[in-house]
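Take a look at the structure below.
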Amino acid sequence: MRIACPSCGAEYNVPDRLLSGAARTLRCSRCGTDFALPRAEAAAAPPPPAAAPEPAPESAPPPPTAEPPVAPTVTERTPVAQDQSDRALLGAWAASVLVVAGGAAAMLAFRAQLMAAWPPVTRLFAVLGLA
């Protein structure tokens, strides 16, 4: 099936097997726009072939097109990939919280050295009641 990008009009040949099944999103390789792939109804069984056609006489090849079609990128997130990315995001958040908590603990543990090395921090500890 021939699909056109709604943004720039680039046309792509998309195999019929991609049109059936779960909904998919395409990304135009020319402009980068994401758009939904139109869903096709289940294709009917192809009609039985008639007699074998006679070979066509040799003719000149068709003239080349100005720009060959580029296959679009099909992005599909499976539940397993979704679960793995959610776990990775949760792990990144946990690591960030640990780094911030470790920094705060280090500031409290070494507050005397911090106040001696950088006197303006004394006001912060005074506001917190730790000076």
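Quick note: residue numbers are just sequence positions, from 1. As the structure is a prediction and not an experimental result, all values here were calculated from the model.
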Only pairs under 3.5 Å count here: list side-chain donor-acceptor contacts from residues 113-127, not counting sequence neighbours, and write none if there are none.
{"from": "Thr122", "atom 1": "OG1", "to": "Pro119", "atom 2": "O", "distance (Å)": "2.9"}

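No side-chain donor-acceptor contact under 3.5 Å links Tyr12 to the backbone of Cys5.
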Carefully, step by step, assess Leu130 and Leu108 under the rule side-chain contact (heavy atoms from CB on, under 4.5 Å).
-> CA-CA 8 Å; Leu130 301 171; Leu108 290 175; 3.3 Å; yes
Hey, mind stepping through Cys28 and Ser7 against side-chain contact (heavy atoms from CB on, under 4.5 Å) and telling me if it holds?
-> CA-CA 9 Å; Cys28 179; Ser7 180; over 6 Å; no
Applying side-chain contact (heavy atoms from CB on, under 4.5 Å), run through Ile3 and Glu11 and close with a yes or a no.
-> CA-CA 6 Å; Ile3 304 291; Glu11 292 187 348; over 6 Å; no
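In plain terms, the two heavy atoms of Arg27 and Gly32 that are nearest each other are CG-O, 3.8 Å.
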